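Proteins get letters first, then strands, A, B, ... in listed order; numbering begins at 1 in each. These numbers come from the heavy atoms of this one structure, side chains and all, not from hydrogens, waters or symmetry mates. For clarity, every value in this text was computed on a predicted model and none was experimentally measured.
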Amino acid sequence: MSLTHLIAAGDILNALRWVACPSSALHLYSLLRLRLRPSDSFCFAWRAAVFTLKPLSAAASLPLLSHFHGHLLRSNLLAHPHVASSLLHSYSLLSPAAAHQLFDQIPPATCNLYVLNVMLASLCRSSELDSARAFFDDLPDKDVVSWSTMLACYFSRGRLADGLALFRSVTFTTDIAVDYFMLATLLTACTSAGLLSPFCRAVHGYVVRGGLPASMHLGTALIDCYAKAGCLDYATRVFARVPNRNVMHWTAMICGMASHLRNNEAVQLFEEMCQRRVQPNEITFTAVLSACVNAGLVEKGREFFKLMVDDYCIEPNIHHYGCMVDLYAKAGLLEDAYEVIKTMKMEPNVIIWTSLLAACKKFKNLEIAVEGMEKALALEISDENAGLYMLISDLYAMGGRWDDAMNIRRLMEEHNVWKNRGLSSIKVDGPQGLSSAAVS
DNA sequence: ATAGGGTTAG
């Protein structure tokens, strides 16, 4: 009797693990609560609470979360550190202020290192870097998670020197073993900061000596880092050694090939990925479509776009549409390009209009140009759109509509916008930020 | 195995 109800409770708990919808999760949770007897292990109750919190925070509903918070308080489950850290984590993703408020109410007996690390991560995402660092310095104990959270914080905010100094501290002044989580953190941070090739090789050496690649995330980070550094042969080598390549590995590799204009290899990789039944995602398609654009592979691009929509049921986003417009426009297929714009489910952006109208100018197709221009003029005048406005002025002039052309120029002068002035916003963050230097 | 830090584009 008691055994059957325990099995049933276990099944519900298992189901709760994989549920994604918040209302189903809450439903299963209350079902489970009804089955639990006082004699049941307390472990059941807190695990159920933790599993329920995941879909709740994914649903991004603060009212739902605070409702469940009330229940956790009343049932005294919040005294359990697992529950407290999970709830704090959920809050921190939705409202850092609410997370801070909750943190202040957690009693010392519950506030273990897990809870403190969640709070540190929350501060790293939302607060001044210095207050996160002060919190880190005040931690009574620090484990590998505390250190890598703080490291990622420095790197993600572009504080390379501080990040590297902290990395030196953890390696030289503590007994903490650098794990693959931390390496992936470092690698990702350094990749986006443009600190590429030497660092990547160092981490790779560390990984090889450790007899890896054991971690899927680290494999992706290594491939991406080598690819961004221009070391595509190294990226390929790492890629070949990953045992169970997932969509991330394939996508990182395809992006790498596409961004270095090795378009045919990008297309080949994509086709091989599909043959091996690895499901491409929207980013994979962005990469392979841009390879098609760069190589002028119109038919391949058309085929892949259709594959994405019909076979993989991926709703095209603005990048996908942008690739298709560019693909057709560059090939002089202006009707096809304009057709894509007409079927888009969102407003075309400046990139898309520029692509179409530049091709209209090049191929001297004023018919489509006139239709497009009328709509493109709805975009507000700004430095970013200056190039588009110049193009429209040129097209008017080409069609002999000098007054309209002059009007556009006058409008630009009135709004004081000039082509290329947007370039002054290019980010300059010191010598390490210059990726072109790091590529060599 | 079981809570907290990491992965792909623009």
Side-chain angles (χ1 to χ4, degrees), chain A residues 10 13-14 16-17 41 43-44 46-51 53-54 80-90 92-93 99 110-125 132 136 139 142-153 155-156 170 176 178-192 203 213 215-225 227-228 235 238-239 242 245-259 266 269 273 278 280-291 317-323 349 351-352:
Chain A
L13 192 66
N14 243 336
L16 201 49
R17 262 199 98 141
S41 157
C43 176
F44 260 101
W46 68 253
R47 283 172 70 195
V50 166
F51 293 156
L53 277 165
K54 269 206 186 358
H80 199 288
H82 285 69
V83 177
S85 60
S86 297
L87 181 67
L88 189 64
H89 180 244
S90 301
S92 76
L93 297 177
T110 308
C111 202
N112 67 7
L113 188 52
Y114 284 81
V115 176
L116 290 167
N117 282 338
V118 175
M119 192 57 215
L120 176 64
S122 177
L123 290 171
C124 283
R125 275 192 298 268
F136 173 81
L139 289 176
K142 301 175 184 64
D143 67 359
V144 65
V145 175
S146 328
W147 284 93
S148 45
T149 304
M150 197 64 232
L151 274 169
C153 183
F155 285 126
S156 66
V170 72
I176 288 169
V178 172
D179 68 358
Y180 300 121
F181 258 91
M182 194 190 270
L183 284 181
T185 303
L186 277 167
L187 206 47
T188 307
C190 293
T191 302
S192 57
V203 173
S215 145
M216 289 307 200
H217 289 286
L218 188 55
T220 308
L222 268 175
I223 292 166
D224 183 48
C225 187
K228 287 213 169 71
V238 174
F239 179 74
V242 174
R245 287 177 294 219
N246 65 19
V247 57
M248 298 299 203
H249 301 110
W250 286 97
T251 303
M253 205 57 228
I254 294 168
C255 288
M257 288 298 180
S259 62
L269 277 165
M273 169 186 186
V278 180
N281 64 22
E282 56 171 4
I283 298 168
T284 324
F285 276 105
T286 308
V288 76
L289 287 177
S290 77
N317 64 26
I318 191 104
H319 304 295
H320 302 132
Y321 284 124
C323 283
N349 58 18
I351 299 169
I352 288 178

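Residue A:Asp179 places a side-chain atom within donor-acceptor reach of the base of B:dG5, judged by atom type and a 3.5 Å distance cut-off alone. You won't find any donor-acceptor pair under 3.5 Å spanning the side chain of A:Thr185 and the base of B:dG6, going by distance alone.
Between A:Leu183 atom CG and B:dG5 atom P the separation is 18 Å, expressed in whole Å. What separates CZ of A:Phe51 from C1' of B:dA1 is a distance of 10 Å, to the nearest Å. Spacing between atom NE2 of A:His89 and atom C1' of B:dT2 amounts to 16 Å, rounded to whole angstrom units. Nucleotide B:dT8 holds its P atom 20 Å from the CZ atom of A:Phe285, rounded to whole Å. Distance, A:His82 NE2 to B:dA1 P: 14 Å, rounded to whole Å. Put simply, CG on A:Leu218 is 11 Å from P on B:dT7, counting in whole angstrom units. Straight-line distance from the CZ atom of A:Phe44 to the P atom of B:dT2: 17 Å, rounded to whole Å.
For A:Lys228, a side-chain nitrogen or oxygen approaches OP1 or OP2 of B:dA9 to under 4.0 Å. The phosphate of B:dG10 has neither OP1 nor OP2 within less than 4.0 Å of any side-chain N or O from A:His320.
Between A:Leu120 and A:Met150, the closest side-chain pair of non-hydrogen atoms falls below 4.5 Å. Put simply, the side chain of A:Arg47 does not reach to within 4.5 Å of the side chain of A:Val50, judged on heavy atoms.
Nucleic acid contact for A:Val83: none, since no nucleic acid atom lies under 4.0 Å from a heavy atom of the residue. At the heavy-atom level, A:Asn14 lies nowhere under 4.0 Å from the strands shown. Note on A:Thr149: only backbone sugar-phosphate atoms sit closer than 4.0 angstrom, heavy atoms only; bases stay farther off. Contacts of A:Met119 with the nucleic acid, taken as non-hydrogen atoms under 4.0 Å apart, are absent.
For A:Ala184, the side-chain contact (heavy atoms from CB on, under 4.5 Å) test picks out A:Leu218, with sequence neighbours left out.
Between A:Thr284 and A:Thr251, the side chains place a donor N or O and an acceptor N or O closer than 3.5 Å (distance only, hydrogens not considered).
Closest to the A:Arg47 side chain, of the nucleotides B:dA1, B:dA9, B:dT7, is B:dA1.
A stacking contact links A:Phe181 to B:dG5: the aromatic ring centre lies within less than 5.5 Å of the base's six-membered ring centre, and the planes differ by less than 30°. Put simply, A:His217 does not rest on the base of B:dG6: the two rings are not both less than 5.5 Å apart at their centres and under 30° in tilt.
Counting heavy-atom neighbours within 6.0 Å of A:Ile351 CD1, excluding the residue itself, gives a total of 12 or less.
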